[in-house]
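Quick caveat: nothing in here was measured; it's all calculated off a predicted structure. Values below: every heavy atom of this structure, side chains too, minus hydrogens, waters and symmetry copies. Below, chain A is the first sequence line, B the second, and so on; all start at residue 1.
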Amino acid sequence: MSSTLKAVRGTRDLLPPETALWDRVEATARSVFARYGFGEIRTPILESTELFARGVGEETDIVSKEMYTWEDRARAASEKAQSLTLRPENTAGVVRAYIEHKLGDTGHLQKLYYIGPQFRRERPQKGRYRQFFQIGAEVIGPVTSGSESPLRDAEVLEMLATLLDELGIERASESNGYKGWKLTLNSVGSATDRPRYVAALREALAPIKHLMCEDNQRRAETNPLRVLDSKDEADQELIDRLPKIADYLDDDSKNHFAQVLAALDACGVPYTVNPRLVRGLDYYTRTTFEFTVETGLGTQNALLGGGRYDGLSEMIGGPKAPGIGFAIGEDRLILTLQAQATEAAEKKLDAYIAPMGVEQNAAALALARDLRREGLSIEVGDGSFRLKKSFEVADRVARSIVILGENEVASGEITVKNFATGEQKKIARKELAEILQ
RNA sequence: GCGGCUAUAGUUCAGGGGUUAGAACGCGGGUCUGUGGUUCCCGAUGUCGAGGGUUCAAAUCCCUCUAGCCGCCCCA
């Protein structure tokens, strides 16, 4: 017995009417990004494995255990098999394209956004899929283009606040029980601060880690920064006494962070500084941030995350090109909007054309064609339907019904009925479009 | 990757070894061969997730698998 074929684990089909919400989210994002001077970039979903190993970091969970990676087949003896990977995130790909196309040589600041699928092989859950969608943006360029400016950090954060506002996601406040979006940020220091701090952390952890939970003992070895955002109650006191990142920031980094916060204040973007906020990707430097929401996502409450990556370009063999970016979990954004249950009125078509008898089918389709070209949304029934059925279907999908029968053809007039008012009248063809508006 | 819960009609769910598996919504039809949205009357919903086992008998009990969900890990 053959089992039926299904979408593979962790992937899913998106169907109407839900896709209308995806459209709205993407259209809103494009509109906001355009106003901030961003242009769209589309990079391949397939990249050389090495890009992620070097960019995202060999030791990160993403690279070490979550990537879809395989050896591409060598087609000729002279060709070498190459290790390929379905992109688990998009920043590395964008920076690779920036380097490959020598965008830095333009001397201009690059503002790029993308919308597309990403792939990570994790255990699926609500808000966490193996193929998931990210909407992201990157600001990157040579230092002389101003790419290192704290103004860029603040601009990106303010843009995100605007986007969430325009999408209708509430800000966390007392009145909504802090269920709206919340921005948390931190500075993890420059490319030299960060290793210094990690070394200090390792040193501090060495004598006390055996007192901690199993997870934290492992983290102390593999990724000491992660110990900081451990949720283990018993370990909190020990964690509080660990060195603070703020004490390892050089003056430039401190100054940079202070300017970001000042600009956020000036723009009225609410935030919380969390000195323990660390992000899982190796490339982050200085400003890191995440937006969380409490609605609809369970424990997957990180709606988007991002940060500065001043050294990423060099890590993958490019010129110095500081940058800052973010990735929004589009799936999570959709879930949040659905949970907010601002049930938008169901969109109905302008009219439904009901041909009376199959001999009217051709005329009905021609009429539909004309009305559609006039900008109306139209559905056409079938002449074999009884009129009662036509009315039922029409009432479900459209605001008005247009009846096309022998009487109408004979008289040259068309019968139109509006479902909301119940008003029915016979009108001339040329008045039709206006009546249906 | 680890631990737990779940899988029955298009949808949301009830049923818990014994003939033919139920409700609501939705769907089809009728009262009405040119009139919907509210009524009224009929009807069909289905390999009970897949495979195997126990039993005279399995949707029901057991095992395996698959998928979803919850928590962890981690992240968007």
P-based separation of B:G51 from B:C5 [nearest Å]:
24 Å

Look at A:Arg396 and B:C27 and indicate whether a side-chain polar atom (N or O) is within less than 4.0 Å of OP1 or OP2.
yes

B:C74 to B:C25 separation - P atoms, rounded to the nearest Å
48 Å

Using the rule given for side-chain hydrogen bond (donor to acceptor under 3.5 Å, both in side chains), can you reason through A:Asp235 versus A:Asn216, listing the C-alpha separation, both sets of side-chain angles and the distance that settles it, and then say yes or no?
CA-CA 9 Å; A:Asp235 291 354; A:Asn216 279 332; 2.7 Å; yes

Any salt bridge linking A:Asp240 with A:Arg276? Criterion: basic side-chain nitrogen under 4.0 Å from a carboxylate oxygen.
yes

Does A:Gly323 offer a backbone N or O that forms a donor-acceptor pair with the side chain of A:Arg152 under 3.5 Å?
no

Do we get A:Arg120 above A:Phe132's six-membered ring, with its NZ or CZ under 6.0 Å from the centre and within 45° of the axis?
no

Main-chain N/O of A:Asp395 paired to A:Lys348 side chain as donor or acceptor, under 3.5 Å
yes

What interatomic distance, in whole Å, is found between P of B:U20 and the corresponding atom of B:C48?
13 Å

If the P atom of B:A9 is compared with that of B:U45, how far apart are they to the nearest Å?
14 Å

A:Asp350 side chain to A:Leu376 main-chain N or O, any donor-acceptor pair under 3.5 Å?
no

Do the charged groups of A:Glu423 and A:Lys425 touch, with an N to O distance under 4.0 Å?
yes

To the nearest Å, give me how far apart CD (A:Glu290) and C1' (B:C75) are.
9 Å

Protein proximity profile, nucleotides 68-74 of chain B - base contact B, sugar-phosphate-only contact S, no contact -, cut-off 4.0 Å on heavy atoms:
SSBBBBB

Under 3.5 Å side-chain donor-acceptor pair for A:Ser253 and A:Tyr248
no

Which of residues 382-391 of chain A have a heavy atom under 4.0 Å from RNA chain B?
A:Arg386, A:Leu387, A:Lys388, A:Lys389, A:Phe391

Ignoring hydrogens and angles, tell me if any N or O in the side chain of A:Arg202 forms a donor-acceptor pair with the backbone of A:Glu221 under 3.5 Å.
yes

Expressed in whole Å, how much space separates the P atoms belonging to B:G4 and B:C63?
12 Å

For residues A:Phe38 and A:Tyr113, establish whether the separation of their ring centroids is below 6.0 Å.
no

Under 4.0 Å, heavy atoms only, any strand: does A:Arg12 hit a base, just the sugar-phosphate, or nothing?
nothing

In whole Å, measure the gap between the P atoms of B:C27 and B:A67 for me.
33 Å

Quick one: do A:Arg308 and A:Glu148 make a salt bridge, cutoff under 4.0 Å?
no

Which ranges of RNA chain B pair up as stems, where a stem means three or more consecutive Watson-Crick or G-U pairs with both distances under 3.5 Å?
B:1-7 with B:66-72, B:10-13 with B:22-25, B:27-30 with B:40-43, B:49-53 with B:61-65

Using atom C1' of each nucleotide, how far apart are B:U31 and B:C40 to the nearest Å?
8 Å

Which residue lies toward the 5' end of RNA chain B, A:Ala327 or A:Gln424, if each is placed at its nearest nucleotide?
A:Gln424

I'd like to check, for A:Phe419, whether its ring lies over the base of B:G37 with centroids under 5.5 Å apart and a plane angle smaller than 30°.
no

Between A:Arg332 and A:Asp395, which residue's closest nucleotide on RNA chain B lies nearer the 5′ terminus?
A:Asp395

When the distance from NZ of A:Lys426 to P of B:G34 is rounded to whole Å, what number comes out?
13 Å

I'd like the P distance from B:A7 over to B:U60, given in whole Å.
11 Å

Is the terminal nitrogen or CZ of A:Lys388 (NZ for Lys, CZ for Arg) located under 6.0 angstrom from the six-membered ring centre of A:Phe391 and within 45° of that ring's axis?
no

